[in-house]
Amino acid sequence: MEAPILAAFDGGTVDFAANGAEAESFKLRVDEIFVNVDKLEERVNDIEQFYTTTSKKMPNACKSSSTAKDKDQTKHVPSIKKQQQDAACREAAAAKRMQELMRQFGTILRQIAQHKWAWPFLQPVDVAGLGLDDYYKVIDKPMDLGTIKNQMEAKDGTGYKHVREIFADVRLVFKNAMKYNDDRSDVHVMAKTLMAKFEEKWLQFLPKVTEEEKRLEEEEAEAQLNMQLAEEAVRAKMARDLSNDLYEIDMHLEELREMVVQKCRKMSTEEKRKLGVALTRLSPEDLSKALEIVAQSNPGFQATADEVDLDIDAQTESTLWRLKFFVRDAIEVQSKSPVSMGGNTNNAKNHNSGNKTNNISNATNKRKREISDAIVKTAKKKSKKPSP
């Protein structure tokens, strides 16, 4: 049944040809809306991509974020710029604390360097002077205590950044000596003895290192969460602005739609009859929307009442054309649906009166407030015309 009804809505209804300037103005407004819609789509994609990426990177982020918000709904979320400034300050403070740890570690290094067996390890190995032709074939990364001391004191930014880096290089000094020299050689024994003393002192110093690392990890985790909250706040504002912009677009579209309706010719009696029949083909949801259109131009019309009397002839031309456009689009969607909606169950009866009246009854229940049936009563002065 939808095809003939849809076909009945085809045909020219608007003519701007009489006023070229008005038509051009209309076209410019439509083009402007298209441009704005494209921009809005980009913003929507940006917001969507942000939340998709965030959920993949931090599966528990949403839960953590919700928990934080539940604890303190009024908590102010610092801006991204403020977060970046805080991060810089936090990194500077962490670097200062690490410098202090490395200074303390320097005491251990000096104790090892002052040991009577430390002299072979204070300077780089004199490979050429000692004739160690295979040294670089055996040792991948030469290291000595003097080089470590110089790097600890470097002021050009090439120095150690973490105390564990120093620990690794000190061990490397003794590991290299033990690797290159025979187990029974003096250098091997000296290196093994010093490394045992060094590792013993390191174990005593290690709690300070782990405490600082734990603190840094906690600070970074909190900073990451705060940055996420700040980014979410930015996206939330973007979403609110986007909602406002979409509302403005809707208003502009409504103005254009009204302009088109005002330019429409007067609807004929036959078109009104077909419109009334087409209303009966709508799904309950679409029928409710159609009644809302009527209510917009008729404040006294109760679109959600249990029983509604809709007099087609009593409606303004603007309302009729808006109904027609809506019904046309709704029926087109229904016709493309995999499962036909089938329309509402309707009974059509003829009465002797001058006006065509559609009595649309809304059956409601406790669980759902939607229209389940529409009863159309049509009356004609002459013979009954077949429904399309």
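Below, all heavy atoms of this structure are taken into account, side chains as well, without hydrogens, waters or symmetry copies. Note that the numbering runs from 1 along the sequence shown for the chain.
Residue Tyr135 is not grouped with residue Met178 when hydrophobic side chains (ILVMFWY) are merged at heavy-atom distances under 4.5 angstrom, including chains of intermediate members. No continuous path of ILVMFWY side-chain contacts below 4.5 Å connects Val333 to Val327, so the two sit in separate hydrophobic clusters. If you chain together hydrophobic residues whose side chains sit under 4.5 Å apart, Met190 and Leu122 fall into the same group. Put simply, Leu40 and Met251 are part of two different groups of oily side chains (I, L, V, M, F, W, Y) that touch within less than 4.5 Å, one to the next. A single hydrophobic cluster is seen to contain both Met143 and Met102, as judged by linkage of ILVMFWY side chains at heavy-atom distances under 4.5 Å, directly or through other members.
Note that NZ of Lys175 is 10.0 Å distant from NZ of Lys192, once rounded to the nearest 0.5 Å. Considering NZ of Lys201 and CG of Leu109, their distance stands at 11.5 Å, rounded to 0.5 Å. Note that the CD atom of Gln114 and the CG atom of Leu145 stand 11.5 Å from one another [nearest 0.5 Å]. Distance check: Trp117 CH2 to Lys197 NZ gives 8.5 Å after rounding to the nearest 0.5 Å. Between the NZ atom in Lys149 and the CD1 atom in Ile166 there is a gap of 12.5 Å [rounded to 0.5 Å]. The line from CG of Leu287 to CD of Glu292 is 11.0 Å long, rounded to the nearest 0.5 Å.
Minimum heavy-atom separation, Met152 to Gly106: CE-CA, 3.9 Å. The two residues Ala290 and Leu323 have their closest heavy-atom pair at O-CD2, 3.4 Å. Residues Asn176 and Pro142 come closest through the heavy atom pair ND2-CA, 3.8 Å. Residues Ile312 and Lys272 approach most closely at CG2-CB, 3.6 Å, considering heavy atoms. Here the closest heavy-atom approach between residue Phe205 and residue Leu101 is recorded as CZ-O, 3.4 Å. Nearest heavy-atom pair across Leu194 and Ala118 is CD1-CA, 3.7 Å.
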* Could you walk me through whether Asp169 and Lys141 pass the side chain to side chain contact (heavy atoms under 4.5 Å, CB included) test, one step at a time? => CA-CA 10 Å; Asp169 276 355; Lys141 182 183 177 182; 3.7 Å; yes
* Using the side chain to side chain contact (heavy atoms under 4.5 Å, CB included) rule, take Ile148 and Val170 through it: C-alpha gap first, then chi angles, then the decisive distance, then the call. => CA-CA 7 Å; Ile148 293 174; Val170 173; 3.7 Å; yes
* To do: Give the intermediate values and the outcome of salt bridge (charged side-chain N to carboxylate O under 4.0 Å, His left out) for residues Arg215 and Glu211.
  => CA-CA 6 Å; Arg215 176 179 177 178; Glu211 181 182 357; over 6 Å; no
* To do: Might you work through the side chain to side chain contact (heavy atoms under 4.5 Å, CB included) test for Lys324 and Leu320, ending with a clear yes or no?
  => CA-CA 6 Å; Lys324 181 173 181 177; Leu320 290 175; over 6 Å; no
* Asked: So Gln228 and Gln224, side-chain hydrogen bond (donor to acceptor under 3.5 Å, both in side chains) or not? Walk me through it.
  -> CA-CA 6 Å; Gln228 182 199 346; Gln224 186 177 13; over 6 Å; no
* To do: Might you work through the side chain to side chain contact (heavy atoms under 4.5 Å, CB included) test for Leu206 and Arg164, ending with a clear yes or no?
  => CA-CA 9 Å; Leu206 187 58; Arg164 286 188 182 274; 3.7 Å; yes
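Judged purely by atom type and a 3.5 angstrom limit, Lys179 uses its side chain to pair as donor or acceptor with the backbone of Val138. At distances below 3.5 Å, at least one donor-acceptor pair connects side-chain atoms of Thr193 with backbone N or O atoms of Val189. Between the side chain of Asp182 and the backbone N or O of His188 there is no donor-acceptor pair closer than 3.5 Å. Judged by distance alone, the side chain of Lys161 and the main-chain N or O of Gly159 form a donor-acceptor pair under 3.5 Å.
A salt bridge does not link Glu220 with Arg90: none of the charged nitrogens is closer than 4.0 Å to a carboxylate oxygen. Between Lys208 and Glu212 there is no salt bridge, since no side-chain nitrogen of the basic residue lies less than 4.0 Å from a carboxylate oxygen of the acidic one. Classification of Glu332 and Arg328 as a salt-bridged pair fails, no side-chain N sitting under 4.0 Å from a carboxylate O. Under 4.0 Å is where a charged nitrogen must lie from a carboxylate oxygen, and between Glu271 and Lys274 no such pair does. Using a cut-off of 4.0 Å between Lys/Arg side-chain N and Asp/Glu carboxylate O, Arg273 and Glu270 are scored as salt-bridged.
Within a 6.0 Å radius of CG in Asp186, other residues, nucleotides and ligands contribute 12 heavy atoms or fewer. Open room surrounds CD on Glu217; 12 or fewer heavy atoms of other groups in view lie less than 6.0 Å from it. More than 12 heavy atoms of other residues, nucleotides or ligands shown are found within 6.0 angstrom of CD on Gln111.
No hydrogens or angles considered: a donor-acceptor pair under 3.5 Å links the side chains of Asp144 and Thr147. Counting only N and O atoms by type, the side chains of Arg281 and Gln334 include no donor and acceptor under 3.5 Å apart. Remark: the Gln104 side chain and the Glu100 side chain contain an N/O donor-acceptor pair separated by less than 3.5 Å. With hydrogens and angles left out, the side-chain atoms of Thr107 and Arg110 include a donor and acceptor closer than 3.5 Å.
Side-chain contact between Glu317 and Trp321 is present, with heavy atoms from C-beta onward closer than 4.5 Å. Inter-residue side-chain proximity for Arg322 and Gln296 is flagged as met; some heavy-atom pair is nearer than 4.5 Å. You'll find the side chain of Lys39 stays beyond 4.5 Å of the side chain of Asp245, heavy atoms only. Contact of the Leu28 side chain with the Glu32 side chain is not registered, since no non-hydrogen atoms from C-beta on lie closer than 4.5 Å. Taking the side chain as every heavy atom from C-beta outward, Leu279 and Leu310 approach each other to under 4.5 Å. At least one side-chain heavy atom of Val163 sits under 4.5 Å from a side-chain heavy atom of Met98. At least one side-chain heavy atom of Leu282 sits less than 4.5 Å from a side-chain heavy atom of Phe326. Between Val209 and His162, some side-chain heavy-atom pair lies under the 4.5 Å cut-off.
For the side-chain contact (heavy atoms from CB on, under 4.5 Å) test with Val187, the passing option among Tyr180, Phe174, Phe121 is Phe121; the others fail.
In this pair, Phe198 and Phe105 present their aromatic rings perpendicular. The plane angle is above 60°, beyond the 30 to 60° band.
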